[in-house]
Amino acid sequence: MIRIFRYCFALVSVLLLSTGIRGERYLCEIGPIGGGSYYVGDATPTVFQHMRPVYGAVFRYKFDSRWSLAVKGQHGDIEYKFENALFKNEITTLDFSGEFNFFKMERKMYDSSCKNYSPYLNVGIGAGLSGRRNDLGFYIPLGIGFKWNVIPLLNLQIEWQHQFYLSDKLEGNEALANSYKLNGSNFLRNDMFSTITFGITVNLFKERDVCRMCDMFL
């Protein structure tokens, strides 16, 4: 009886050890995002004015515990005042960004440097369609956020992203579209569309680390 108990205890210990050593890493994650947005440009020179709702989705492919590629699509609109009138213009965006986690986001019991949360930065390139005419504009997305792997399959995130457009026609109004080319080559004088979003993502395609020692026992 004691021998059987010892065998069972050894088997459970090996299983727990193998789970901790191998850890859990998922190659991808996907989920919805939503929050608020605002625009900074010729009609609205300061941040957080005329906040509007925005929604979308995000997909990530994880190269390792720190680096990932994020594909994000969002839809919203901007609101601004011009000549004592209120205007709106719809915007649909799609961008590709490289993301860097400040902490190693992995569930590994044996590695104390691994966390189930991390602040992160992203930068990339994107394109947006605005207005009824679907004017195409390219932009540089730059954002900062925070991720939290609540359970192995579920993540929460909050992100503040700025989209620095390479054009000055986000308002959909010719009077505000840099008609006289006064912005020159300084793209910081162009329009900016910013979003503050919350997201819930689900991990997909589980990958296990290789542990030859554990494989000898299992």
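Here the structure is a predicted model, which is why all the values come from computation and not from measurement.
At least one donor-acceptor pair closer than 3.5 Å links the side chain of S118 to the backbone N or O of F103. No side-chain donor-acceptor contact under 3.5 Å links N101 to the backbone of W67. The main-chain N or O of L170 is never found under 3.5 Å from a side-chain atom of D135 such that the two would form a donor-acceptor pair. N122 places no side-chain N or O within donor-acceptor distance of the main-chain N or O of S97, the cut-off being under 3.5 Å.
You'll find the side chain of V58 stays beyond 4.5 Å of the side chain of V71, heavy atoms only. Residues I144 and E159 are not in side-chain contact: their nearest non-hydrogen atoms beyond the backbone lie 4.5 Å or more apart. Side-chain atoms of N149 and M105, non-hydrogen and from C-beta on, do get closer than 4.5 Å to each other. Residues R66 and K104 are in side-chain contact: their nearest non-hydrogen atoms beyond the backbone lie under 4.5 Å apart. Residues R52 and E90 are not in side-chain contact: their nearest non-hydrogen atoms beyond the backbone lie 4.5 Å or more apart. The side-chain heavy atoms of E29 and I200, taken from C-beta on, include no pair separated by under 4.5 Å.
One finds the CD1 atom of I91 at 10.5 Å from the OG1 atom of T195 (value rounded to the nearest 0.5 Å). With rounding to the nearest 0.5 angstrom, the OG1 atom of T201 is 10.5 Å from the CD1 atom of I33. Atom CD1 in I196 sits 9.5 Å away from atom OG in S37 (nearest 0.5 Å). Atom CG of N190 sits about 7.0 Å away from atom CG of L166, to the nearest 0.5 Å. Distance check: D191 CG to N89 CG gives 10.0 Å after rounding to the nearest 0.5 Å. Distance check: T92 OG1 to Q74 CD gives 10.0 Å after rounding to the nearest 0.5 Å.
When the side chains of ILVMFWY residues are joined at heavy-atom separations under 4.5 Å, either directly or via intervening members, F96 and I140 end up in two distinct hydrophobic clusters. In the hydrophobic clustering of this structure, M51 does not group with V54; members are Ile, Leu, Val, Met, Phe, Trp, Tyr whose side-chain heavy atoms approach within less than 4.5 Å, directly or through other members. Clustering ILVMFWY residues whenever any of their side-chain heavy atoms sit less than 4.5 angstrom apart, transitively, puts I158 in the very cluster that holds L121. In terms of hydrophobic clustering, with Ile, Leu, Val, Met, Phe, Trp and Tyr side chains grouped at heavy-atom distances under 4.5 Å, I151 and F198 are assigned to a common cluster. One hydrophobic cluster holds both W148 and F102 under the rule that ILVMFWY side chains link at heavy-atom gaps under 4.5 Å.
When only modelled atom types and interatomic distance are considered, N116 and E106 share no side-chain donor-acceptor pair under 3.5 Å. When only modelled atom types and interatomic distance are considered, D95 and Y139 share a side-chain donor-acceptor pair under 3.5 Å.
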Inset, instruction - Would you check, one step at a time, whether the test ring pair (Phe, Tyr, Trp, His ring centres under 6.0 Å) holds for Y80 with H50? - result: CA-CA 7 Å; Y80 62 92; H50 303 290; 8.3 Å; no

Legend entry - CA sep, side-chain torsions, deciding dist, call: Q49, K81, side chain to side chain contact (heavy atoms under 4.5 Å, CB included): CA-CA 10 Å; Q49 285 192 345; K81 285 186 176 181; over 6 Å; no

Legend entry - F63 vs Y61, ring pair (Phe, Tyr, Trp, His ring centres under 6.0 Å): CA-CA, chis, key distance, verdict: CA-CA 6 Å; F63 298 103; Y61 179 81; 5.3 Å; yes

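Taking all atoms of both residues into account, the shortest heavy-atom contact from A70 to E99 is CB-OE2, 3.4 Å. V40 and P45 make their closest contact through CG1-O, 3.7 Å (heavy atoms, listed as atom of the first residue, atom of the second, distance). Across all non-hydrogen atoms, the minimal contact from L136 to L129 is CD1-CD2, 3.8 Å. Of all non-hydrogen atoms in Q161 and P141, the two that sit nearest each other are NE2-CB, 3.6 Å. Residue Y165 comes nearest to G128 through the heavy atom pair OH-CA, 3.9 Å, listed as atom of the first residue, atom of the second, then distance. Between T44 and E79, the closest heavy-atom pair is OG1-O, 4.3 Å.
Looking at K88 and D77, no side-chain N of the basic residue comes within less than 4.0 Å of a carboxylate O on the acidic one, giving no salt bridge.
Residue F87 qualifies as enclosed at atom CZ: its count of foreign heavy atoms under 6.0 Å is above 12. By the 6.0 Å contact criterion, CZ on F100 is enclosed, its count of non-hydrogen atoms from other residues, nucleotides or ligands being greater than 12.
Here the options are L153, N155, L204, the test is side-chain contact (heavy atoms from CB on, under 4.5 Å), and the partner is Y26; only L153 passes.
Shown here are the side-chain contact (heavy atoms from CB on, under 4.5 Å) partners of H162, two or more places apart in sequence or in another chain: Y38, W160, F164, M192, S194.
Geometric assessment of K147 against the ring of Y120 yields a positive cation-pi assignment under the 6.0 Å and 45° thresholds.
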